[in-house]
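Just so it is clear, the structure is predicted and the values come from calculations on it, not from any experiment. Reminder, nothing fancy here: chain letters follow the sequence lines and each chain counts from 1.
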Amino acid sequence: MLIDNILYLNMKIATYNVNGVNGRLPVLLRWLEETAPDIVCLQELKAPQEKFPVESLQAAGYNAIWHGQKSWNGVAILAHNTEIKETKRGLPGDPDDEQSRYIEAFVNGIVIGCLYLPNGNPAPGPKLEYKLRWFERLQAHATTLLKYGMPVVLAGDYNVMPTELDVYKPERWIDDALFRPEVRQAFKTLVEQGWTDAIRKIYPNETIYTFWDYFRNAYGRDAGLRIDHFLLSPDLDSRLLAAGVNRDVRGWEKSSDHAPVWIELADL
DNA sequence: ATGTCGGCGCAACGCCGA
């Protein structure tokens, strides 16, 4: 990024489940303005392809690619004054899957996979089965990405709390599709391919939440969950400088139930 | 079990998904 003739080489990448990109547009634009991420992964657009607010984002300096869907799901990748080369639209492994949950691009020399993993509730049931199948497809595609040997960031709403440290009251979530043993195991199997959970690496023992339910004043009570994650390929692990959650955004008027999460990577 | 959101639809509030 070039500002006042000074070259800044570090890169800030963020992920944000906006829960309706048009309903949250003022919040999204304010957050972009205040935190100036270089690359952004968005989930839960809840907008059809033609209703994505591309003009507003361009006016804020962001190029965008997106995969919309009426009412639900939807993912996008934004890049500040930078070219985005789309490499995938839809997660491989099931041509009949019509839900818009994965988009991937080459940006600034990094492969950015933006994902919105299925919620899976009510569980057990077909929605949990779909979630577990989707996880298997993600594991398969993640293996392929590692084989390329390129720097890769898999960012998004995984709808999984990986450990008890990631839930305000673990005992209440045992049967929930976001915390069931088989779902946590699926996340663990994925990470053990060789990925780095960036937030957990920077904060090994701390309670870090990225989501607070709208119900029962969850944000006020800090009854949160950590479900939005960054997985880094092995060569990016040593470039991880910092990471965090923009918690205050969750407290803004008309906020999403998720907060934006970010990482900063050093240039090579 | 409950709670609160955004988006949807024979257009107003009940439903779905989260």
Side-chain angles (χ1 to χ4, degrees), chain A residues 15-31 41-54 56-57 66-76 91 97-102 114-135 138 155-162 166-180 182-184 186-187 209-229 245-261:
Chain A
T15 183
Y16 188 16
N17 178 323
V18 285
N19 188 11
V21 70
N22 288 304
R24 310 301 181 195
L25 192 56
V27 168
L28 175 61
L29 293 172
R30 178 181 164 195
W31 167 71
C41 295
L42 298 177
Q43 303 87 32
E44 273 207 90
L45 303 179
K46 290 185 167 182
Q49 191 67 11
E50 65 276 13
K51 294 230 173 118
F52 184 80
V54 59
S56 301
L57 291 165
W66 66 97
H67 193 196
Q69 182 180 333
K70 193 166 123 182
S71 306
W72 296 302
N73 309 318
V75 284
L91 186 64
D97 186 356
E98 296 187 340
Q99 300 190 26
S100 298
R101 294 181 176 277
Y102 188 81
C114 170
L115 64 102
Y116 175 45
L117 220 131
N119 178 294
N121 281 308
K127 296 201 169 181
L128 179 63
E129 294 310 308
Y130 173 62
K131 178 178 196 170
L132 294 170
R133 287 198 309 276
W134 209 94
F135 237 128
L138 181 61
D157 178 359
Y158 283 72
N159 269 316
V160 185
M161 296 84 89
D166 303 311
V167 199
Y168 67 99
K169 272 197 191 326
E171 66 278 9
R172 288 196 188 171
W173 288 82
I174 290 294
D175 295 325
D176 191 279
L178 278 66
F179 198 55
R180 292 170 75 89
E182 64 269 42
V183 174
R184 273 184 275 168
F187 184 82
Y209 297 141
T210 67
F211 167 95
W212 296 262
D213 218 310
Y214 289 122
F215 305 156
R216 294 159 300 188
N217 188 31
Y219 181 62
R221 297 183 297 117
D222 198 24
L225 309 172
R226 187 173 76 98
I227 56 178
D228 301 274
H229 308 298
V245 178
N246 297 131
R247 277 179 65 106
D248 56 316
V249 176
R250 176 62 181 83
W252 292 356
E253 197 74 23
K254 301 272 282 176
S255 161
S256 167
D257 40 6
H258 295 249
V261 187

Item to check | Integer angstrom distance from the C1' of B:dT2 to that of B:dC8 | outcome: 24 Å
Checklist entry - How is A:K254 classified with respect to the nucleic acid when contacts are heavy atoms under 4.0 Å: base, sugar-phosphate, or nothing? => result sugar-phosphate
Residues 47-54 of chain A side chain polar contacts: donor-acceptor under 3.5 Å, at least two apart:
residue: A:Q49; atom: OE1; partner: A:G68; partner atom: N; Å: 2.6
residue: A:Q49; atom: NE2; partner: A:W66; partner atom: O; Å: 3.1

Next on the checklist: What's the gap between B:dG3 and B:dG9 when it is taken at their P atoms, as a whole Å value?
Outcome noted: 27 Å
Checklist entry - A:R226 side chain to A:T210 main-chain N or O, any donor-acceptor pair under 3.5 Å? => result no
Checklist entry - Taking for each residue the nucleotide of DNA chain B with the nearest heavy atom, is it A:Q99 or A:N22 whose nucleotide lies nearer the 5' end? => result A:N22
Item to check | Along DNA chain B (nearest heavy atom to each residue), the more 5'-positioned of A:Y214 and A:N73 | outcome: A:Y214
Next on the checklist: If I pick the C1' atom on B:dG7 and the same atom on B:dA11, what distance separates them, to the nearest angstrom?
Outcome noted: 14 Å
Checklist entry - Under 6.0 Å from the CZ atom of A:R221, do we count more than 12 heavy atoms belonging to anything else shown? => result yes
Checklist entry - Where the side chain of A:Y219 meets the backbone of A:R247, is there a donor-acceptor pair that is under 3.5 Å apart? => result yes
Next on the checklist: For the P atoms, the ones on B:dA1 and on B:dC13, what distance do you get once it is rounded to whole angstrom?
Outcome noted: 30 Å
Item to check | Partner residues of A:H258 under the ring-ring contact (aromatic ring centres under 6.0 Å, His included) criterion, sequence neighbours left out | outcome: A:F211
Item to check | A:K127 (side chain) donor-acceptor with A:A177 (main chain) under 3.5 angstrom | outcome: no
Item to check | Covered region of DNA chain B, 5' end to 3' end, by chain A [heavy atoms, under 4.0 Å] | outcome: B:dT2 to B:dA18
Item to check | Gap in Å between the two P atoms, one belonging to B:dC10 and one to B:dC16, rounded | outcome: 15 Å
